Asker: 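Quick one: the structure is below, questions incoming.
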Protein chains: 2
Amino acid sequence: MGDVKIDFEKSGGLVPVITQDAESGEVLMLAYMNQQAYDETVKSGRAVYWSRTRGLWRKGEESGNHQDVRGIYVDCDADTILLKVHQHGGAACHTGRRHCFYRERESDSSWRTLIEPIFDPEKVYGKKK
Amino acid sequence: MGDVKIDFEKSGGLVPVITQDAESGEVLMLAYMNQQAYDETVKSGRAVYWSRTRGLWRKGEESGNHQDVRGIYVDCDADTILLKVHQHGGAACHTGRRHCFYRERESDSSWRTLIEPIFDPEKVYGKKK
């Protein structure tokens, strides 16, 4: 047991957050939190991030694909968070895919798309994107 | 198949890299790459990062705990890399632990240490730290 102070100041108020599916172990996405987003994540039990373009981002508020927090981990330097979650709706990525890391580099330097969308982003988010 | 240009410019020349154990699915660490580190990673098949304090960082060069690349993935915005690796020496973290995310937040706001070091960092890295 011990005290850890997450170092939000190191990178100008934001820390990177790796979000991992608690059941499958898949890495779903990388996002950022500031102190406010972190505090709200802890309090609500749902992932809340800070978007550099949109501000406080309650993940899934619009799409319904929210993330229930299963565990919060901090790294050796206390400047990165690992969040284990249960992903609602089956998709973490705004492209409608299960996770964001759906392109793999091939030996010929091209990128292969591994998975397809499971929902249509235009239907979920509208035509904004 | 397709072309993807990793966006190194978005955050001043560096992209975050999530390193995951290819066999167990454990998230081992978060680090950064610039174009040079990325190119050398691709060419050598071993993880090479860019440390903001130490420059080009050939992971494991000193400790022997290098990482063989098993897969390179890029996210939807092309500004984050996921690297799946085989971790040599059993430990990715400079504290001597298997991974860097060894502290979990408890419901009383304290942090519980989940795993202990498997090597003594002072013996491997000397007294520098």
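What you see is a predicted model, and the numbers here were worked out from it, not measured in a lab. To find a chain, count down the sequence lines: A is the first, B the second, and so on, and within it residues start at 1.
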Asker: Among the clusters formed by ILVMFWY side chains lying less than 4.5 Å apart, do V69(B) and Y73(B) turn up in the same one?
Answerer: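 No.
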Asker: Do L28(A) and L114(A) share a hydrophobic cluster (ILVMFWY, side-chain heavy atoms under 4.5 Å, transitive)?
Answerer: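 No, L28(A) and L114(A) fall in different hydrophobic clusters.
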Asker: Following the transitive rule for hydrophobic clusters with a side-chain heavy-atom cut-off under 4.5 Å over Ile, Leu, Val, Met, Phe, Trp and Tyr, establish whether Y49(A) and Y38(A) coincide in one cluster.
Answerer: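 Yes, Y49(A) connects to Y38(A) through the hydrophobic network.
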Asker: So which of I18(A), V74(A), I72(A) has the biggest tally of heavy-atom pairs under 4.5 Å with chain B?
Answerer: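 Sorted descending by pairs with chain B, the first entry is V74(A).
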Asker: Side-chain contact test, heavy atoms from C-beta onward, threshold under 4.5 Å: evaluate it for C100(A) versus T80(B) and give yes or no.
Answerer: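 Side-chain contact under 4.5 Å: no.
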Asker: For E104(A), which atoms come within 4.5 Å of any heavy atom of chain B: side chain, backbone, both, or neither?
Answerer: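 Contact with chain B: backbone and side chain both.
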Asker: For V27(A) and V27(B), run side chain to side chain contact (heavy atoms under 4.5 Å, CB included): C-alpha distance rounded to whole Å, both residues' side-chain angles, the deciding distance at 0.1 Å, then the answer.
Answerer: CA-CA 8 Å; V27(A) 175; V27(B) 175; 4.0 Å; yes
Asker: Is the shortest side-chain heavy-atom distance between L30(A) and D79(B) below 4.5 Å?
Answerer: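 Sidechains of D79(B) and L30(A): no contact.
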Asker: Can you check whether I81(A) reaches F101(B) side chain to side chain, under 4.5 Å on heavy atoms?
Answerer: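 No, every pair of side-chain atoms sits at 4.5 Å or beyond.
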Asker: Do Q20(A) side-chain atoms and E26(B) backbone N/O form a donor-acceptor pair below 3.5 Å?
Answerer: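 The answer is no, because no donor-acceptor pair under 3.5 Å joins these two groups.
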Asker: Non-hydrogen atoms of chain B under 4.5 Å away: do they reach the side chain of T95(A), the backbone, both or neither?
Answerer: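 For T95(A), the side chain is the part near chain B, not the backbone.
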Asker: Say whether L14(A) and V15(B) are linked into one hydrophobic cluster, either directly or through other cluster members, by side-chain heavy-atom distances under 4.5 angstrom.
Answerer: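 L14(A) does not cluster with V15(B).
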Asker: Should R103(A) and V4(B) count as side-chain neighbours, where that means a heavy-atom distance under 4.5 Å?
Answerer: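 R103(A) reaches V4(B) side chain to side chain.
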Asker: Y32(B) and P16(A): which non-hydrogen atoms are nearest, and at how many Å?
Answerer: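 Y32(B) and P16(A) have their closest heavy atoms at OH-CG, 3.7 Å.
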Asker: Can you tell which part of I6(A) gets under 4.5 Å to a heavy atom of chain B, answering side chain, backbone, both or neither?
Answerer: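 Just its side chain gets close to chain B.
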Asker: Determine, step by step, whether Y102(B) and D75(A) satisfy the side chain to side chain contact (heavy atoms under 4.5 Å, CB included) criterion, reporting the C-alpha distance in whole Å, the side-chain angles of both residues, the deciding distance to 0.1 Å, and the verdict.
Answerer: CA-CA 7 Å; Y102(B) 54 85; D75(A) 79 339; over 6 Å; no
Asker: With heavy-atom distances below 4.5 Å as the criterion, would you say the side chains of S11(B) and R52(A) are in contact?
Answerer: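 SC-SC contact between S11(B) and R52(A) confirmed.
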Asker: Could you state whether V17(B) and W111(A) fall into the same hydrophobic cluster, counting links through intermediate Ile, Leu, Val, Met, Phe, Trp or Tyr residues with side-chain heavy atoms under 4.5 angstrom apart?
Answerer: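 Shared cluster, yes.
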